[in-house]
Each structure stands twice: as structure tokens, then as C-alpha cells.
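Only this structure's heavy atoms are used, side chains among them; waters, hydrogens and symmetry mates stay out. Letters A, B, ... are given to chains in the order of the sequence lines, protein chains preceding strands, and every chain is numbered from 1.
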2 protein chains.
Amino acid sequence: MIKDAASAMAAPADILDPSGGANQVRVRAYNERLVMSLVRRHGSLSKAEIARRSGLSAQTVTVIMRALEAEGLLIRGEPLRGKVGQPSVPMRLNPEAVYSLGMKIGRRSADIVLMDFVGGIRRQVRCTFPYPMPGPLLSFVEEGLAELQASMSPQERARIAGFGVAAPFELWSWASEVGAPQAEMDQWRGVDLEAEIARRVPYPVTLQNDATSACAAELVFGRGPHYPDFLYLFIGSFIGGGVVLNSALFTGRTGTAGAVGPLPVQGRDGETVQLLKIASIYRLENLLREAGIDPMPLWYSPDGWVDFGAPLQLWIDDVAAALAQAVIASASVIDFAAVIIDGGFPDWVRARVVDATKAAVARLDLQGVTMPEIVEGAVGSHARSIGGASLPLFSRYLPDQNVLFKELG
Amino acid sequence: MIKDAASAMAAPADILDPSGGANQVRVRAYNERLVMSLVRRHGSLSKAEIARRSGLSAQTVTVIMRALEAEGLLIRGEPLRGKVGQPSVPMRLNPEAVYSLGMKIGRRSADIVLMDFVGGIRRQVRCTFPYPMPGPLLSFVEEGLAELQASMSPQERARIAGFGVAAPFELWSWASEVGAPQAEMDQWRGVDLEAEIARRVPYPVTLQNDATSACAAELVFGRGPHYPDFLYLFIGSFIGGGVVLNSALFTGRTGTAGAVGPLPVQGRDGETVQLLKIASIYRLENLLREAGIDPMPLWYSPDGWVDFGAPLQLWIDDVAAALAQAVIASASVIDFAAVIIDGGFPDWVRARVVDATKAAVARLDLQGVTMPEIVEGAVGSHARSIGGASLPLFSRYLPDQNVLFKELG
DNA sequence: GATTAATAATTCAATTCGATTTATTTATTG
DNA sequence: CAATAAATAAATCGAATTGAATTATTAATC
């Protein structure tokens, strides 16, 4: 005996057990979600097609889809004729089957949206503020929710799956950058936002980081289906992001996976700074102000942007150089198939940021790096509120491998 | 209707479907692996304990464990008395139930080890060379395997689960660093190493990156059970690594997850270089040579190292400064619970590298970073060959959530 | 010290439930 | 009409669960 690897085995006390066992009930729940996600991704699919794509037997798929149709989640389309054999019946999601509410809390505004089962935004309410405060925000939850509910029939209201909230980490930080009095922002410290909202909303409430939520939206409704894994970056007031692995959202142990803000990068002058100092709309605001340009159009709406000229180009170049370093760093840890970039700006800005980032990456040392594809997000500046609204879908309808395992503890 | 997220939905053609459906047979296979991994992690556990930890019913656990005992994989220990109720029967892995073979291919030597079911290294053969070449290496596979087999009874040989190979990516690269003629190294380009070994070995052959394999060893036999996720770094001839997420090895789409070698870091003079230029034993070799010290003891055996004084300290400081940057960068992408550092050096060097890395991290800007714990690996310099031998265990006995899903395509 | 209650581990038997297998029907092309 | 493909009904299979019973032990009480 030369060496015993088992002798390194630790004391039982602090060992962390993996997730729990599986059983049939959970298999069924998982397979139902899988079937729905296949229909969702392809728009519409026949039972036979689902059987082929899932590897499940045709009979199993028949039983599952019949149940989903009976629940009203799936609806049958016109039988497709013109091929050998019995005509196939394409099945698609019933857009009216499930509604969900999504809220985005930003540093200048908050939105609540009503989304249908296929990602259509049916209604939206918004409020703006110089900086977010707990009291007014919770009032907005009550009033906004009431307004959205008023537009729905009782039958429709009964089909609301939940209320998802997309908010930045530590809202009270960055007070100075937001231009808010620190004393006011400190009011946030005592607030359990999820609990306070849950007290005011008669649906299941889910709170998630805003950029992670946007990533979720991109996964379901955007470019997600094209890549098995990707890093998602959303440039808002500050930069944030999310991680998708094996076609599923990976939030990480503390929920901060993809929160690339603190990533160290080298700035224009070679100094090392955190990514969020460069890739943020606040920085653009400051650049505009220095150039004597009114920055307020930045905040009204992404569609209110105009081409601000040189300061905008400077900002894009700096952002791209920083993002390029973030791309390389993340690709050295996880071999992402793609990095998807989006933000609270118009599509034409996004296109320029992505192009500049591609160019900046090409200037770096790529030897040995498994380079991800760098692509624009397809969801756009509303990704955070759409992502918020998709959170209830994740917990109830979208495939999550944890559905298979028992929750422990 | 304000905006339709679903309109971003792509054409069906290039959509990537998630993994397939699940069924009972797979549930059983998964639960069996889960039970075994619980026993493995805790050394020995009673059926009731397993039921509690897995969330499975006592009866289910009874059935599964009875079957595993009948297969000879589990053996019952002495009933534990002294507590209220029927004495519990601790069950543990039968070390002789399964053997596996592991091979490590390095740039100066290759090892083949015979490992038992609990990670004990029963036997080891080694060959050394100035640089690795396909012909001699494959001869070593044949001769080494024959030697190891000769030490086993036919019954034991029948219980060999497989042959796992841990080899660096692109063995033919870095010829100049290895001090090998480029023409000779180019011989590797045409070689399908896995296939060539499979032709010479009568067991299932698995090929995996060497650092990823070492990570696997750390996951099963080292500090892995203490952390739900971690980044693993192994400093050998060059640096490599692996990623563990949700207590499972994550190799990534291309198998290069955790391959941090190309990560850009700032060196001593502020210049940006790839991590592998700094964190490598080759660099230490060069430093020793410059200082007029014979570097050959580096390569004979990790136990052959002596304290080389100033050049070693310089190397450790540089490595630590670079690793610290890699730690921050990776923590900004995934909120790892830990970064585990090991390498092809003695334990006392590992301790100094880890301590220096902790100190270097503390000198960086940590605002907003979810800092992982930085810890020493518990497996040590043999991690790669032990990891190689653990590869067959992963494919046959260790829990892998993919066991639940149908393979598609 | 003997008796009884409580507790815990284990297992048997019956039940449930979902996926698979097998066979059949339906619809269409060539 | 033969071949093909989709859809599904009925029967079967396999694994987990449920509920009850068994066994072995400690703790409390007489």
C-alpha cells in the first residue's frame, strides 16, 4: 500500500450531503415541465415530435399532453396533412393559460408588468423617482397591482401564477452614485423587501437580483435556447449579470453567480478598477455632464436616447475594453458557449457595444482560451421586468432539475 | 399590448433542446448511487440514517441497500448498541468490491495506479522520460497494466471497473517549455490517445484533462464533501484546474471548465500575462537555474524538494499574487464556496502557497466580492493519478444527475 | 431484580402510480 | 392495396410509498 487517498477523508460532522432521492411523482412533474418547455421552445410540436425529442415513449407523451390539454395549458392546432400517415396535431401553449406579474425596481423607476404564458406583456404600470424609498415603493406595489387586477376578469385573475420581483443587490449601497442622501437610503437596511411585498400581494412572491432576472428572461424568451450555457451581462445603472449552465439558470449558492460588477479590469490608463465603475450608465451620465450635455434623456426611457456623439463613443469604447477583459476572465473559468450582452439602452447602442466588445476581445491574448460567441441580447431593455414576471414561471412550469430531488433540511 | 417578449423567439431550426425525460429505472439507478455516495462520504451509515439524509422512505432504503449488499458493494458492520431502540447496523463500502486503474500522463513522468473502492492506492508503476512520446507511452500502458494485473487474482481482476487517463490538454503544445524538439512533439497531433489506449486495455477507458481529474479526486476523497461548489487549482508543470458545482464535477461543454491557465493576470512589473506563465513549476525551474541551483530534484518526486531559499520564496510570492487575481476573477463569475489549491509539490510548499495567496487576496479590492474560502487540497501531489482512477467510479458508481435523464442524439 | 413503557431500526405486505410494451385504429401517400 | 406514420387503448412492469408488525434496546417504575 503506497498511499491511501481515503485517509484524507474528513470527520463526518461538517460533511455536506448532496441533494435527496428521486421518485415517480417527481419524475412525472419533471417530464411535464420538459414537455411544456419543448413546446415553448419550438412554438408548436406534435406528440410524436415530443416523443422523439424527449426520448419518452409515445404513450407517455400522449398521457402527459392529454393532461396538460385538459388543464388548459396546451391547445391543439390544425392537424397537419400532406405527409404519409395519420395527420399530426401540433400542440402549442395556451397564452391565456397562465398570467404572471413581474416587478422591476430600478434606481430611477419601477415597473410592474402583466405577462401572459408565452411572454406577451399585456399591461404595464410605472413610477419614477429621484431615488427609491421603501414607503413609496410599497405603495406603488399596492396601487399598481390594483390597477393591473382591475383590467382582468375574475377568471383571469385566478390564473395568476405569482409575483416576481427583480431588484438590485443591496439597494442601499451606492447612495452617493445615485445622488441620494445616505440617511434616507439607510432606511432600506431594516426592510425585508420580499416579506413586505408578500404581505401586500395575494400571490406567491419571488425576489431575485435584477440582472439575474433579466438573464432568466433571455433564457426563456431570447437567445437562450440557442446556447447550452452562457454568461449574460446587463448594463443598467450599474452592470450585473447571470449564468446559465446546461440550459438552466444557475444562481449559485449565495445567488450572486454572474454578478460581475466587482471583477477587476484595467481601465484606459492601465489602472485596475472594478468593472462596474466603467460599465454603468452613471458613468455615461457623468461623461455627458462633463461635456455639457443634459443627461436626463438617459433615464426617461431607453427609447429617449439620441446619439450623444463623442462622449457616447468614448463610453462605448471604455465599456467594450472592460467587457472584453470580463469575457476572457469568465471564459477562463467556465467554457461558456456565448456571452450575451444587453442593457437599459436602445438596440442601436447595444449593437455598437457588442461590436466594439468583439473588436476589443480580438486585441487581447486569446491563446488557449475557449472563446464564447459574443452576441446581443434579444429581449432588450425590458429584460428585467420580463425576467421578474418569468420568475413565477420558473418555480411552477419551467424545467428545473431540482424538481426531481427531494428538498432536504 | 405593449411589447411581446415572445416575438424575440427564434426559428425552430437552431434551437437546442434540453436533456431528455426521466423514468423509474433511472430513478432507481440514481437512488442507488445516492445511497452509495452517502455511505462513502460518511464512512459508514445505518439504513435509518440514509433514509433521513436522502429523504427516501425506510423501506426503499432497505430494498436498495439489501441489493447493494447482495452485490457485495456494501458490507455490514457490528450493530451499534447503547442507544434506545433496536441497534443500528452500520453499512460501509466494501473496499475490495471494485478496483479501478488510473493513469497520469505528465511532461516528465507517467504513473499507473491500482485503486480500491474506498480510494486506497494498492499498487503503482511509474516511468520517467525527458518528454512524452506516443510510442513509449503506449508501451508503458501495456507493460504497466500487465504488471498490475499480475499482482491480482482472477477474481480481483474481474472487478476492475475501468481505466481512467488523466492527461494535459494538447500535449504537443509547449514543446519549447518542455525542452522537447517540436518535430518529435508533432507526432502527438495524429494520435487519438483514448482510442489507442482502449485498443490495449480490456476495460472501459475514460480520458480526462489531468487537472480536472485531480479535481475529481479532491471531490470524492479530499475536501470536496465540505463545500457545495469550489474551484480547484492544481499547479503542475503548468497550472490547470477544475470546477465543482452542486457537489458534482462540472466539466463544461468543451471539457475545459476550470482551465484557468490562459486567465490574464498582472505580473510583478504590472504587465499582463497569462496565469500559466507565472504559476508553473517550469517557471520555478528557470528561477532555480538562474540562481545557479540544480532544478532536477523538482522532477524526481514532490518529496525530493528541499527549501531552495530565495528563488523559491520569489516564486511563491509571484504565484500567490497571480492566484489571488484568479480567485477574485472567478469569484466574480461564480460565487464559489471555496478555492482549493494543490499541486505537484510537497505539503509544506502547498501550505506556503496557500498562506501567501490568502495574504495577496487581502491586498486587493474586495468590495462586493463574495469571497470563497481559500484552502489547501487534501489529496496532494498524487491527485492526478488518483483522479484518473476515480474516473471509472464516476461513470459507474458516483451520483451524476445525468443518470436520471435519457441521452439524446 | 422484575415489569412495563417508550423508542428506534428494520422489514413485510399491500398499494399506488407512472413509464413502457404490445397491439390496434386511423389517416394518408404512392 | 401496401406501406408508413401518428395516435392511443390495454396490459404489464417496476419502483417508491404506506401502514402495520417485529425486534431489540433503554428508561422508568414497582
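- Phosphate proximity of dG18(C) to Asn31(A): absent, as no side-chain N or O sits under 4.0 Å from OP1 or OP2.
- Taking 4.0 angstrom as the limit, Lys47(B) places a side-chain polar atom (N or O) nearer than this to OP1 or OP2 of dT11(C).
- Closest to the side chain of Gln59(A), from the set dT20(C), dT10(C), dG14(D), is dT20(C).
- Side-chain atoms of Asp116(A) never come within 3.5 Å of backbone atoms of Glu96(A) as a donor-acceptor pair (strictly under, hydrogens ignored).
- You'll find a donor-acceptor pair under 3.5 Å spanning the side chain of Gln24(B) and the base of dG14(D), going by distance alone.
- Note: CG (Leu74(B)) to P (dT10(C)) measures 13 Å, nearest angstrom.
- Residue Gln59(B) is tested with Leu56(B), Val63(B), Val61(B) for a side-chain contact (heavy atoms from CB on, under 4.5 Å); the sole match is Val63(B).
- Distance CZ (Arg28(B)) to P (dC17(C)): 21 Å, rounded to an integer number of Å.
- In this structure, the CG atom of Asn23(A) is 14 Å from the C1' atom of dG14(D), given to the nearest Å.
- For Gln86(A), whose side chain is taken as the heavy atoms from C-beta onward, the closest listed nucleotide among dA9(C), dA27(C), dA15(D) is dA27(C).
- As judged by a 4.0 angstrom heavy-atom cut-off over every strand, Ser88(B) is placed among residues touching the sugar-phosphate backbone only.
- Counting non-hydrogen atoms under 4.0 angstrom, Val63(A) reaches nothing in the nucleic acid.
- In this structure, the CE atom of Met91(A) is 15 Å from the P atom of dA6(D), given to the nearest Å.
- Rounding to whole angstrom units, CD1 of residue Ile50(A) and C1' of dA6(D) are separated by 14 Å.
- For the pair Ile64(B) CD1 and dT10(C) P, the computed distance is 15 Å after rounding to whole Å.
- As a whole-Å value, the separation of Met65(A) CE from dA7(D) P is 9 Å.
- Ala58(B) comes within 4.0 angstrom of a base, heavy atoms only.
- Relative to the side chain of Arg52(A), the nucleotides dA19(C), dA6(D), dA16(D) differ in distance, and dA6(D) lies closest.
- Closest approach of Ile64(A) to Arg28(A), counting heavy atoms only: CG1-NE, 3.7 Å.
- Using a 4.0 Å cut-off, no side-chain N or O of Ser46(B) falls inside it from OP1 or OP2 of dA9(C).
- Listed pair Thr62(B) / dT11(C) meets the phosphate criterion, a side-chain N or O lying under 4.0 Å from OP1 or OP2.
- Listed pair Arg66(A) / dA9(D) meets the phosphate criterion, a side-chain N or O lying under 4.0 Å from OP1 or OP2.
- A donor-acceptor pair under 3.5 Å is formed between the side chain of Arg40(A) and the backbone N or O of Phe117(A).
- Along DNA chain C, the nucleotide closest to Ala48(B) and the one closest to Pro87(A) are compared, and the more 5′ of them pairs with Ala48(B).
- Atom P of nucleotide dA15(D) and atom CG of Leu56(B) are separated by 14 Å, given to the nearest angstrom.
- You'll find that the side chain of Val27(B) is closest to dA15(D), out of dT17(D), dA15(D), dA19(C).
- A donor-acceptor pair under 3.5 Å is formed between the side chain of Glu156(B) and the backbone N or O of Ser153(B).
- Side chain of Arg157(B) to main chain of Met152(B): a donor-acceptor pair is present (N/O by atom type, distance under 3.5 Å, no hydrogens or angles).
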